[in-house]
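Comments concern the structure below.
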Protein chains: 2
Amino acid sequence: MSQAQPGTPYEHTCMIRGDGGRTIRAVLDRICDKWTLLIVATLDEQRMRFGELHQHIPGISQRMLTLTLRNLTRDGLVSRTAFAEVPPRVEYALTPLGKSLIPPALALAGWAMENNARIMESRAAHDTADGRPSPPAE
Amino acid sequence: MSQAQPGTPYEHTCMIRGDGGRTIRAVLDRICDKWTLLIVATLDEQRMRFGELHQHIPGISQRMLTLTLRNLTRDGLVSRTAFAEVPPRVEYALTPLGKSLIPPALALAGWAMENNARIMESRAAHDTADGRPSPPAE
DNA sequence: CAGCATCCTGAAAGATACTG
DNA sequence: CAGTATCTTTCAGGATGCTG
């Protein structure tokens, strides 16, 4: 997708709107569930086995850990290595593809850190601005 | 959050895992719904009124446009200007805060463009790898 | 024109219990 | 240890019709 003229201020925004948003939605669908990014970030620090992940990620259920890992593996972001031992041992690690997701994810996280306060302010102001308490739409 | 030692390879990843993922989830919750990023990207190109947005964003319903815009406005990412005319006219535009979301969003979109093919490959390989057809987990 | 009010559905995800 | 198997709740989001 390089149909944007250089010099156009929005040469990049089209990357988002591009095909009606299908591409950006593809990523979002992949990383926006409740646990994926957390798992990826955790595995970025070191390869881990199932139980370790379960401990390192507070609040996740076995079920969701299983499901998310399976999808991540399927998409090639995470590698799964099962050792033929007893008791069983399975190790998960980020693949290069998985690691490549870290920088953009950090960009987002950085934005979150910097601007969350502002957003909460705006929200509070908007809500308390006399009138009714208008909690999140929908 | 600058509790990471410089030199640590993961000084940044902690930004994601940081507080148990609460911060990153805050952004995700904000931008990961089906329409937010699309609207933001569209408004980045030019301020628009309700109807225009509705046309520019294929597939969105009035309801979702209204709701998403309301949340965006509430969070201070989008400004809403109603003109006291008849027929009514309302214009939406990105605030500076809203504009600041564009770069990180682009980082993600870029990643999507670059790696989507690889992911689909991996997925296809994983699925057709003899055995059963294992569509997305869950 | 720019919305609001309702009804309805599928998919995400939590809780809980069981197994190779 | 590393998962499966069910059951249940929640709720984002679609469809449709009405209004200031």
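Any value given below was found using the heavy atoms of this structure, including those in side chains, with hydrogens, waters and symmetry copies removed. Proteins get letters first, then strands, A, B, ... in listed order; numbering begins at 1 in each.
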For this session: Specify the separation, in whole Å, of atom CG of L67(A) and atom P of dT6(D).
Result: 14 Å

Problem set entry | Interatomic spacing from CD1 in I24(A) to CG in D19(A) - rounded to 0.5 Å | 10.0 Å

For this session: Taking N115(A) for its side chain and R118(A) for its backbone only, find out whether a donor-acceptor pair lies under 3.5 Å.
Result: no

Problem set entry | Between C1' of dG20(D) and CZ of R89(B), the distance in whole Å | 18 Å

Exercise. Whole Å only: how far is the CG atom of L69(A) from the P atom of dA2(D)?
Worked result: 11 Å

Problem set entry | Separation of dA2(C) P from L53(B) CG (nearest whole Å) | 10 Å

Seminar exercise, completed: From CD of Q55(A) across to P of dC1(D) the rounded distance in Å is 9 Å

For this session: Would you mind classifying the nucleic acid contact of T66(A) as base, sugar-phosphate or nothing, using non-hydrogen atoms under 4.0 angstrom?
Result: base

Exercise. Taking CG from L65(A) and P from dA12(C), how many angstroms apart are they, rounded to a whole number?
Worked result: 17 Å

For this session: Rounded to the nearest angstrom, tell me the gap between atom CE in M48(A) and atom P in dA2(D).
Result: 13 Å

Exercise. Once each nucleotide of nucleotides 14-20 of chain C is scored for protein heavy atoms under 4.0 Å, what B/S/- sequence comes out, 5' to 3'?
Worked result: BB----B

For this session: Taking W35(A) for its side chain and I60(A) for its backbone only, find out whether a donor-acceptor pair lies under 3.5 Å.
Result: no

Exercise. Is there a side-chain contact between H54(A) and H56(A), using heavy atoms and a 4.5 Å cut-off?
Worked result: no

Exercise. Under a 4.5 Å cut-off applied to non-hydrogen side-chain atoms, are L77(B) and R30(B) in contact?
Worked result: yes

For this session: Show the numbers, then the answer: is there a salt bridge (Lys or Arg N to Asp or Glu O under 4.0 Å) between R17(A) and D44(B)?
Result: CA-CA 10 Å; R17(A) 305 217 322 111; D44(B) 183 48; over 6 Å; no

For this session: Give the rounded distance in Å between these two atoms: CZ of R70(B) and P of dG13(D).
Result: 14 Å

Exercise. Just by distance, do the side chain of T95(B) and the backbone of G76(B) share a donor-acceptor pair under 3.5 Å?
Worked result: yes

Exercise. Looking at R49(B), does any N or O in its side chain come under 4.0 Å of the phosphate oxygens OP1/OP2 on dA2(C)?
Worked result: yes

Exercise. Counting only side-chain N and O atoms of Y92(B), is one of them less than 4.0 Å from OP1 or OP2 of dC1(C)?
Worked result: no

